[in-house]
Chemist: 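Structure below; questions to follow.
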Amino acid sequence: MALPSPPHPSSTMTLLCGALVFLVAAALGVRADDPYRYFTWTVTYGPISPLGAPQQGILIDGQFPGPRLDCVTNDNIIINVINQIDEPLLLTWNGIKQRKNSWQDGVLGTNCPIPPKGNFTYKFQTKDQIGTFTYFPSTGLQRAAGGFGALNVYSRPRIPVPYAPPAGDFSLLVGDWYKTSHKALQKTLDSGGPLPFPDGLLINGAEKTSSFAGDQGKTYLFRVSNVGLMTSINFRIQSHKMKLVEVEGSHTLQNDYDSLDVHVGQSLSVLVTLDQVPRDYYIVASTRFTRKVLVATGVLHYSNCNSGLAGPVPEGPGTAGFHWSMLQARTFRWNLTASAARPNPQGSYHYGNITRTRSIDLANSAAVISGKQRYAVNGVSFVVPDTPLKLADNFNITGVFTWDTIPIPPSAAPAVPGTPVLRFNLHDFIEVIFHNAENTTQTWHLDGHDFWVVGYGSGKWTPELRKRYNLIDAITRHTVQVYPSGWSAILVSLDNQGTWNLRSAMWARQYTGQQLYIRVWTSEKSYSNEYDIPHNALFCGKATGLHA
């Protein structure tokens, strides 16, 4: 789908009366001049054949992948989600910060799921963000059946982006895929088994048929997101350079690349100029760090030519492994002179000069608990309660979770099940070091915030390695990779009050325990810090029968 300029509201949006608009604005605490975009999405099962064999997918308004959601900085998004599948459902908005509004985050720690035949209206604002994001179902293994889509936030006209307007704008959702149903995959995990290796790789729901057309000499923006369950991917376009311009809401220094690694849960944007001989060219995604390499291809079509594809599918980094990928990641730098979502340079926040409030070491591990394969953080494998943590905290419901019960630093004791919440004060500025002693790449995501990725390394992290941190122009993002037998360090300003999920973006690991929640809190009661529970909140578990 080409989008030469920021989109106008869809003609299919439902118009509500002025009184309701006023009430919604009051509930969200937003200015009346920030536009509203209204959607009604119906989630159903439907037949799909992404790898050639028919299977049951999760569709949104009959689409697989789901509809692309385009909006502008500070837009208010109102989406009525109608659940017509036979399981409870939540959608989460991956990378949208939900400022002061974790009630809309769409994960089981903050929201009761939408029951079958039920509905829930999400109300959130894309506050002070520009960039490439995604949405997906966060309940169980449903994202293995679909329900995901692109979510693009464009800049307001008075906030320039650091490149000329492209002639077109394409979203590419890339990810591994299984022919096995999501329910069968979930049963495998519930029984204590690991997920098998994926059956294939998809680009926008297809293994080979995605096509993108453009005019010779013009430049196009390609937004690439890894929406898979477990594998990193490498992305490339035959005979074309890719200029990196954005990573998960950060404008970057504009370096050129032949190929780019995109890890699970991550997104980035590149500019591509159609400056080659007019014909068709391969668009390629392939798995990284896997013995069997899965490949998906699309087509970049020059509109002034009918010639087909030529030559072999271009190869990726091949045997270039984790070190190559880490070196590439270190070249991703913040563009300090680019405008942010507000009219000031994004580098005007001098994160490297702020004193840390607290440092936290978090280590992932593959643990066996009661004879079943589980995953853990610092020896605690998260168990999702039937009452969302946010509801339990709001209504002082006991017995749902425990405060600060993750051992820090990590303990050598055997892993145990638990439902931990780490407490922080609003505006704490913390360091998190992710340790990965396993032989697979990990990716970690934090809801409600972005963070500065200040360092990657191999081996064991020590305090001396802080001298190597990038404290000048590290990019901010919401998902960071941690290479095998290595570490990654981030700095994050906890400036968003609420209860937030810190999790593995590799969904089987998240489902089986590699996650926790953090509470960012202040005793000062103010709408400047956090909004009230929404009037349409769903209640479940020990909160059944309560009301907002």
Side-chain angles (χ1 to χ4, degrees), residues 5-6 30-31 33-35 70-75 95-100 125-133 151-166 169 219 221-223 242-257 260 266-271 328-357 426-431 446 448-456 468-480 489-496 528:
S5 61
V30 297
R31 300 195 326 244
D33 59 349
D34 291 326
D70 289 323
C71 57
V72 175
T73 302
N74 288 2
D75 279 357
I96 300 301
K97 293 182 184 178
Q98 306 290 358
R99 296 291 304 171
K100 302 180 286 186
Q125 189 178 26
T126 53
K127 181 69 173 174
D128 294 334
Q129 292 188 263
I130 301 170
T132 302
F133 309 99
L151 199 171
N152 301 326
V153 184
Y154 294 84
S155 63
R156 291 173 286 177
R158 59 182 175 271
I159 308 294
V161 295
Y163 50 86
D169 184 325
T219 299
L221 186 72
F222 286 77
R223 302 174 182 269
M242 300 182 295
K243 186 181 296 293
L244 183 69
V245 295
E246 180 252 338
V247 172
E248 294 162 23
S250 282
H251 295 304
T252 63
L253 293 182
Q254 296 179 9
N255 297 321
D256 289 331
Y257 297 87
L260 285 160
Q266 295 183 342
S267 298
L268 54 79
S269 295
V270 295
L271 290 174
Q328 181 183 82
R330 288 174 179 160
T331 68
F332 296 177
R333 299 297 182 96
W334 223 17
N335 185 339
L336 299 182
T337 61
S339 292
R342 295 181 180 181
N344 57 284
Q346 64 178 9
S348 61
Y349 190 84
H350 300 296
Y351 69 94
N353 296 327
I354 300 173
T355 302
R356 295 187 306 273
T357 307
L426 183 63
H427 301 303
D428 277 355
F429 189 80
I430 69 169
E431 174 190 51
L446 175 60
H449 300 79
D450 50 19
F451 45 72
W452 289 270
V453 183
V454 294
Y456 305 94
R468 302 183 187 178
Y469 283 2
N470 178 359
L471 299 179
I472 303 297
D473 61 354
I475 60 169
T476 60
R477 64 187 315 165
H478 56 68
T479 303
V480 62
I490 66 171
L491 298 176
V492 55
S493 176
L494 297 178
D495 59 357
N496 194 9
S528 296

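Note that the structure is predicted; figures quoted are calculated from it, not measured.
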Chemist: If you look at every heavy atom in Val492 and His449, which pair is closest and at what distance?
Modeler: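 Distance-wise, the nearest heavy atoms are CG2-CB, 4.1 Å.
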Chemist: So do Leu491 and Phe429 actually touch side chain to side chain, heavy atoms under 4.5 Å?
Modeler: yes
Chemist: Taking all non-hydrogen atoms of both residues, which atom of Ile475 and which atom of Thr252 are closest, and how far apart?
Modeler: CG2-CG2, 4.1 Å
Chemist: To the nearest 0.5 Å, what is the distance between CG (Leu268) and CG (Leu260)?
Modeler: 5.5 Å
Chemist: Rounded to the nearest 0.5 Å, how far apart are NZ of Lys100 and CG of Leu426?
Modeler: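 One gets 10.5 Å once the value is rounded to the nearest 0.5 Å.
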Chemist: What's the spacing between His478 NE2 and Ser250 OG if we round to 0.5 Å?
Modeler: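 One finds 10.0 Å between NE2 of His478 and OG of Ser250.
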Chemist: Do Thr219 and Tyr163 have side-chain N/O donor and acceptor atoms under 3.5 Å apart?
Modeler: no
Chemist: Supply the atom-to-atom distance Tyr469 OH to Ile490 CD1, rounded to the nearest 0.5 angstrom.
Modeler: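 It comes to 10.0 Å.
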Chemist: Would you say Arg330 has more than 12 foreign heavy atoms packed within less than 6.0 Å of its CZ?
Modeler: yes
Chemist: What's the shortest heavy-atom distance between Pro162 and Asn335, and which atoms?
Modeler: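 Closest heavy-atom pair between Pro162 and Asn335: CB-ND2, 4.0 Å.
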Chemist: Is there a side-chain contact between Asp450 and Gln129 in this structure, where contact means two heavy atoms from C-beta onward sitting under 4.5 Å apart?
Modeler: no
Chemist: Given side-chain hydrogen bond (donor to acceptor under 3.5 Å, both in side chains), test Tyr351 with Thr476 step by step and report yes or no.
Modeler: CA-CA 10 Å; Tyr351 69 94; Thr476 60; over 6 Å; no
Chemist: Any non-hydrogen side-chain atom of Gln266 less than 4.5 Å from a side-chain atom of Arg477?
Modeler: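 Touching, per the 4.5 Å side-chain cut-off.
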Chemist: Is any side-chain heavy atom of Phe451 closer than 4.5 Å to one of Val480?
Modeler: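 Contact flag for Val480/Phe451 side chains = yes.
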Chemist: Counting N and O atoms only, with roles assigned by atom type, does the side chain of Arg156 sit under 3.5 Å from a partner on the main chain of Ala341, one being a donor and the other an acceptor?
Modeler: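 Yes, the answer is positive, given that a donor and an acceptor are paired below the 3.5 Å cut-off.
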Chemist: First locate atom CZ of Phe332, then atom CG of Leu253, and finally report the distance between them rounded to the nearest 0.5 Å.
Modeler: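 One finds 11.5 Å between CZ of Phe332 and CG of Leu253.
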Chemist: If you take all heavy atoms of Asn496 and Gln98, which pair is closest and at what distance?
Modeler: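 Closest approach of Asn496 to Gln98: ND2-O, 3.5 Å.
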Chemist: Is it the case that atom CD1 in Ile472 sees more than 12 heavy atoms from other parts of the structure closer than 6.0 Å?
Modeler: no
Chemist: May I ask you to decide if the ring planes of Trp452 and Trp334 are parallel, tilted or perpendicular, using 30° and 60° as cut-offs?
Modeler: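 Judged by the thresholds at 30° and 60°, the geometry between Trp452 and Trp334 is perpendicular.
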Chemist: Is there a side-chain contact between Pro345 and Thr337 in this structure, where contact means two heavy atoms from C-beta onward sitting under 4.5 Å apart?
Modeler: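 No. Closest side-chain heavy atoms not under 4.5 Å.
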Chemist: Donor-acceptor check, side chain of Gln254 to backbone of Val245, threshold 3.5 angstrom: yes or no?
Modeler: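 Here the side-chain-to-backbone pair does not exist.
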Chemist: State, to 0.1 Å, how close Arg158 and Pro160 come at their nearest heavy-atom pair, and which atoms those are.
Modeler: O-CD, 3.4 Å
Chemist: Counting N and O atoms only, with roles assigned by atom type, does the side chain of Thr73 sit under 3.5 Å from a partner on the main chain of Tyr154, one being a donor and the other an acceptor?
Modeler: yes
Chemist: With a 3.5 Å cut-off and no angle check, do the side chains of Thr132 and Glu246 form a donor-acceptor pair?
Modeler: yes
Chemist: With rounding to the nearest 0.5 Å, note down the distance linking OG in Ser155 to CD1 in Ile130.
Modeler: 5.0 Å
Chemist: Do the side chains of Phe133 and Thr126 get nearer than 4.5 Å, heavy atoms only?
Modeler: no
Chemist: Would you name the heavy atoms of Leu244 and Ser269 that are closest together and state the gap between them?
Modeler: CD1-O, 3.6 Å
Chemist: Under 4.0 Å between a Lys/Arg side-chain N and an Asp/Glu carboxylate O for Asp256 and Lys243?
Modeler: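 Yes, Asp256 and Lys243 are salt-bridged.
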Chemist: Hey, is the main chain of Arg99 close enough, under 3.5 Å, to the side chain of Gln125 for a donor-acceptor pair?
Modeler: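 Here the side-chain-to-backbone pair does not exist.
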Chemist: Are Tyr349 and Ser493 close enough that some pair of their side-chain heavy atoms sits under 4.5 Å apart?
Modeler: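 Yes, their side chains come closer than 4.5 Å.
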Chemist: Under the salt bridge (charged side-chain N to carboxylate O under 4.0 Å, His left out) definition, can you give me all pairs with a residue in residues 336-348, not counting sequence neighbours?
Modeler: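 For residues 336-348: Asp128-Arg342.
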Chemist: Check step by step if side chain to side chain contact (heavy atoms under 4.5 Å, CB included) holds for Cys71 and Leu151.
Modeler: CA-CA 8 Å; Cys71 57; Leu151 199 171; 4.2 Å; yes
